[in-house]
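Working notes for the structure below.
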Number of protein chains: 2
Amino acid sequence: MTNTVPARQKGRGRGGARNAKRKRRSGGPSTAEKIFEAAEKLLGEKGYEGTSMRDVAELAGVNKALVFYHFGSKGELFDAVIDRYYKAHRETIERSLSRTYGSTRDRVHRLIDDYLDFMERNRLYPRLIQQEVARRSGRVHQIRRNLVELSRAVGKLLDDLTPEDGPLATRHLFMSVSGMVVNYFTYAPALDELWGGDPMEPARLNERREHIHWMIETILDRLVAEKERRERDAGRQLEASSTS
Amino acid sequence: MTNTVPARQKGRGRGGARNAKRKRRSGGPSTAEKIFEAAEKLLGEKGYEGTSMRDVAELAGVNKALVFYHFGSKGELFDAVIDRYYKAHRETIERSLSRTYGSTRDRVHRLIDDYLDFMERNRLYPRLIQQEVARRSGRVHQIRRNLVELSRAVGKLLDDLTPEDGPLATRHLFMSVSGMVVNYFTYAPALDELWGGDPMEPARLNERREHIHWMIETILDRLVAEKERRERDAGRQLEASSTS
DNA sequence: AATGTGGTTGACCGATCGGTAAAAACTGTG
DNA sequence: CACAGTTTTTACCGATCGGTCAACCACATT
């Protein structure tokens, strides 16, 4: 998966990073991969401060020193995890935005679907990101940039449907919709009384998906209506001034 | 503020909790209050695992042992903080819901306003709650119950406007709206590039408030329209069956 | 068989963690 | 003043933290 070159001597020391890549006979995951997966899980569940390197080693089923051998330090290990998410997140967005066919409305719905797919495939990601953002961790600045760029891209997609400023600016809509998406994954399981069952099972997830699409549809309808009203008003204004 | 009786001997030992409450001459906050405020701040900013009792003592400007003297243990200290939020949260909701005058629409808007007021007065609360919920901390189960009850109360308020199940059920709307509210406080400061200024200054907060009210209005309009359509359809159905 | 190399191990380090015990200081009351 | 009760301080504890080290192992090359 990620780079398999150990981190022992941090950059300094002997020359180029010779990519060893010794063959692994049994098809199982490499040590580095096992560590990475354990770190991914624990970071999502317990957060950075709540996870110890011993926990990681134990869950991975390897010696603790191996974690440092392969990833250097706790910070580097979790940076690697976050970096993977960052790249997957970015790729998801870019791939979705690159498909430019269909109406604006179709493209927005498609973006939502791709975003939800990403969340469903990476269920620990929303938990991780909520924890780190709430703590102002600084370790997630790349992902923050992703979100800023995504909001700007949505702004271009919506074009003249939303004003540049004020309560209907794209950034507000973006915050609201991303809140709808992300919060479900973090809050719904904690509020399972409301659902009477596991909110993460496929049927419930699809229900949530429908809800969000309904919300998007409702918002877009209103934005279009308001735009038309603005244009009508402008036309009337023009008409009135020309006849005066 | 909270109970000022130290926790040294956990329940057992000498008889009733004699409320000492020795008078404090200088008007400043008591030691317990200083500790509590420091804990509140750090818990919101760094989370439970990210905060040490030494940090708390240092920020409060008191001896570390005093923290244990007054609050017993780390868990009890932070439980006290969370309990205060729980009660304030609950009181805010109950007071808002108890004012039953006005239309359903007015009452919903009022609830949103009161909720936003609470968040603005307790800016560390959304950060705390997001961290603890994302970690499935278990220390916030009272607050989770608050949210469940709030969702049910909103359901009663909306009455027959929302169906019991499916993507338009109250729980989905509740999740979406609470996401809009809470996520702004946790995400907006991390995405300050989008705002070109501090999203927590009063003008921006009011803009956000307007946005949320606009969203609520849009959702309610659509729900009312769909309800009327359903009734019209039902009437037509009835008419058709009576003339057949 | 000798050598070099990347992967692995267990023992260990100083720092910090939450928590405790007992003495010391402070306080109001007789 | 003596006394009792409360609050604060100092010094300490064992456990755990992130991280290091030297030895060791498996294996490919010479």
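In the text below, chain A, chain B and the rest are named by the order of the sequence lines, each starting its count at 1. Heavy-atom basis, side chains included; hydrogens, waters and symmetry copies ignored.
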Please report the distance, rounded to the nearest Å, between CG in A:Leu66 and P in D:dG18. 16 Å
Within the pair A:His70 and C:dT8, is there a side-chain N or O less than 4.0 Å away from OP1 or OP2? yes
Just wondering, are more than 12 heavy atoms of other shown residues or ligands nearer than 6.0 Å to NZ in B:Lys74? yes
Whole-Å gap separating C1' (D:dC24) and OH (A:Tyr69): 13 Å
With a cut-off of less than 4.0 Å, is there a side-chain N or O of A:Thr31 near OP1 or OP2 of C:dT8? yes
Salt-bridge present (A:Glu120, A:Arg208; N to O < 4.0 Å): no
Checking A:Ser176 against B:His211: is there a side-chain donor and acceptor pair closer than 3.5 Å? yes
Please report the distance, rounded to the nearest Å, between CZ in B:Phe71 and C1' in C:dG19. 16 Å
Here the ring pair (Phe, Tyr, Trp, His ring centres under 6.0 Å) pairs for residues 39-58 of chain A, sequence neighbours left out, are A:Tyr48-A:Phe78
What's the CG-P distance between A:Asn63 and C:dA11, to the nearest Å? 10 Å
Starting at NZ of A:Lys64 and ending at C1' of D:dC21, how long is that distance when rounded to a whole Å? 12 Å
Side chain of B:Arg123, backbone of B:Met200: donor and acceptor closer than 3.5 Å? yes
Between CZ of B:Phe68 and P of D:dT9 the distance, given in whole Å, is 15 Å
My understanding is that only residues two or more places apart in sequence, or in another chain, count here; which of them pass salt bridge (charged side-chain N to carboxylate O under 4.0 Å, His left out) with A:Arg144? none
Atom pairs under 3.5 Å: protein N/O with N/O of nucleotides 15-17 of chain D:
from: D:dC17; atom 1: OP1; to: A:Ser52; atom 2: OG; distance (Å): 3.4

